[in-house]
Chemist: 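Sharing a structure with you now.
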There are 2 protein chains.
Amino acid sequence: MTQGTKTSTTDRRSDRTKAAILRAARERFAAQGYERTTIRAVASDAGIDASMVMRYFGNKAQLFDATLAIDLRLPDLTGIPADEVAEALVRHFLERWEGDPADDALLVLLRSAVTNEQAAARMHEIFAAQVNPALAAALPPELAARRAGLVSAQLLGLGLTRYLLRLPAVTTLTPDEIESGLAPAIQATLDPN
Amino acid sequence: MTQGTKTSTTDRRSDRTKAAILRAARERFAAQGYERTTIRAVASDAGIDASMVMRYFGNKAQLFDATLAIDLRLPDLTGIPADEVAEALVRHFLERWEGDPADDALLVLLRSAVTNEQAAARMHEIFAAQVNPALAAALPPELAARRAGLVSAQLLGLGLTRYLLRLPAVTTLTPDEIESGLAPAIQATLDPN
DNA sequence: AATGTAGGCCAACGCGTGTTGACTTTCCAG
DNA sequence: CTGGAAAGTCAACACGCGTTGGCCTACATT
């Protein structure tokens with residue numbers, strides 16, 4: 001029922017439009033945030049009717065939620081010398097933000113988390129599941145908890161000012177300038193004093 | 001015309017409700033951002049009708065704009081020893097954010113700037129008019145431009161994670177812990193290397 | 001007391017939204 | 001061929017929004 005004898009290559013047609021919807025939704029949510037993104041606009045971008053979005057994702061909140069599946073792909077910090085951890089982090093985030101211009105995932109999350117409870121909750125989850133463990137691997141156990149927050153604050157501050165607010169004083173910097181200016185700072189937060 | 005013989009003590013009545021509207025608007029914009037704040041709700045909070053808000057402020061965008069008159073009250077960094085500038089900055093911002101809980105100004109600006117072009121533009125102005133000059137007074141001239149952005153990124157990162165996103169790893173820190181963890185970091189960004 | 005004006009309320013408008021359900025088209029299995 | 005499900009369209013709904021204009025009320029000046 002519902003599907004034929006063999007559905008090994010999953011129903012094809014619907015999967016393609018479902019993916020198109022998700023792609024369009026990510027773009028809109030990233031550019032405009034949750035409230036200003038309309039289902040009609042997403043549907044139009046995906047080349048279908050708005051009611052199809054409802055059929056596949058239930059409602060706007062669930063579509064949004066599907067959009068928030070994000071992997072920071074944090075590197076394993078275990079092998080890295082203690083005094084190079086900050087540099088590795090900064091480099092990784094710059095690459096993550098700027099590497100693939102079509103990848104709006106981080107933009108969606110950060111922009112929405114500021115005005116949307118659902119996204120903020122997701123941010124907490126991602127923090128607990130990805131950032132904390134990664135830093136715990138590179139820091140003395142009891143220091144990690146107290147410093148992970150400040151390190152995140154600094155990295156998110158970079159994302160905020162460079163990619164969301166686009167403050168000229170930050171956007172005009174080259175990746176190298178950012179790395180050389182920010183890595184020592186974060187390193188100072190990481191090192192016990 | 002319009003006003004009587006002498007209006008020395010400004011028309012009284014209207015000024016009080018105008019102030020009440022502004023207060024309510026700041027609270028709503030701070031808590032919910034621009035889009036989710038409704039004029040009807042602001043009016044209700046101020047104890048008057050929605051059409052009064054229009055009478056006094058023209059439209060929603062202008063009300064919002066009136067809300068965005070913000071003075072960071074940055075201290076004069078000229079007299080401060082070079083190695084204490086970061087500490088002074090961190091302390092000042094903590095005080096500014098947490099000193100007067102009824103003062104939502106920074107919250108309004110930061111929350112809205114992420115999804116609203118108008119607020120983002122205001123952020124750029126404030127940055128150019130207040131942050132840049134203050135740092136220029138404490139840094140070697142040509143270094144200032146390249147470092148002011150990163151310092152702002154770090155300070156805004158703190159505001160973002162602690163007061164908007166309320167990441168547990170940041171909200172659980174005491175002001176002292178933040179100061180001792182973040183001041184050396186920002187100092188590292190300020191110091192030429 | 002008369003009156004003009006500022007402050008305020010009420011009802012309605014036009015619009016865009018999320019969401020729904022009935023209808024049509026495509027397409028593949030029997 | 002032919003059914004029937006999947007994929008997609010269309011028109012409409014109920015709602016809340018920003019905004020408007022007409023009306024009432026208080027009150028200070030004459």
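Below, each value reflects all heavy atoms present in this structure, side chains not excepted, and no hydrogens, waters or symmetry copies. Computed from a predicted model, the values in this text were never measured in an experiment. In what follows, every chain begins at residue 1, and chains take the letters A, B, ... in the order their sequences are listed.
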Chemist: If you only use heavy atoms from C-beta on, which nucleotide in C:dT19, C:dG7, D:dT19 is closest to the side chain of B:M54?
Modeler: D:dT19
Chemist: Rounded at 0.5 Å granularity, tell me how far CE in A:M54 sits from CG in A:D49.
Modeler: 11.5 Å
Chemist: Roughly, in whole Å, what's the span from CE in B:M52 to C1' in D:dT20?
Modeler: 13 Å
Chemist: Can you tell me which residue pairs pass the ring-ring contact (aromatic ring centres under 6.0 Å, His included) test with a partner in residues 87-120 of chain B, sequence neighbours excluded?
Modeler: B:W97-B:Y163
Chemist: In this structure, how many angstroms lie between the C1' atom of D:dT19 and the OH atom of B:Y56, rounded?
Modeler: 17 Å
Chemist: Rounded to the nearest 0.5 Å, how far apart are CG of B:L160 and CE of A:M123?
Modeler: 7.5 Å
Chemist: Under the side-chain contact (heavy atoms from CB on, under 4.5 Å) test, which residues partner A:I80, sequence neighbours left out?
Modeler: A:L77, A:E84, A:V85, A:A88
Chemist: I'd like to check the side-chain hydrogen bond (donor to acceptor under 3.5 Å, both in side chains) partners of B:E35; sequence neighbours left out, ordered by chain and number.
Modeler: none
Chemist: Could you state the atom-to-atom distance from NZ of A:K18 to P of D:dA6 in whole Å?
Modeler: 14 Å
Chemist: With respect to the phosphate group of D:dA7, does any side-chain polar atom (N or O) of A:S14 fall under 4.0 Å of OP1 or OP2?
Modeler: yes
Chemist: From CZ of A:R28 over to P of C:dT17, roughly how many Å is that when rounded to an integer?
Modeler: 10 Å
Chemist: Quick one: side-chain contact (heavy atoms from CB on, under 4.5 Å) partners of B:A86, sequence neighbours excluded?
Modeler: B:I186, B:Q187, B:L190
Chemist: Looking at residues 30-49 of chain B, who's got a heavy atom less than 4.0 Å off DNA chain C?
Modeler: B:R40, B:I48, B:D49
Chemist: Between D:dA7, D:dT19, C:dG7, which nucleotide gets closest to the side-chain atoms of B:N59?
Modeler: D:dT19
Chemist: List in chain and number order the residues that pass side-chain contact (heavy atoms from CB on, under 4.5 Å) with B:A41, two or more places apart in sequence or in another chain; answer none if no residue qualifies.
Modeler: B:R28, B:T38
Chemist: So, OP1 or OP2 of C:dG8: does either fall under 4.0 Å of a side-chain N or O from B:T17?
Modeler: yes
Chemist: I need the CZ-C1' distance between B:F64 and D:dG18, as an integer number of Å.
Modeler: 16 Å
Chemist: For the pair made of CZ in B:F57 and P in C:dG7, what is the distance, rounded to whole Å?
Modeler: 13 Å
Chemist: Roughly how many Å is it from CD1 in A:I21 to C1' in D:dA7, rounded to a whole number?
Modeler: 11 Å
Chemist: Could you check how far NZ of A:K60 sits from C1' of C:dG16, rounded to whole Å?
Modeler: 12 Å
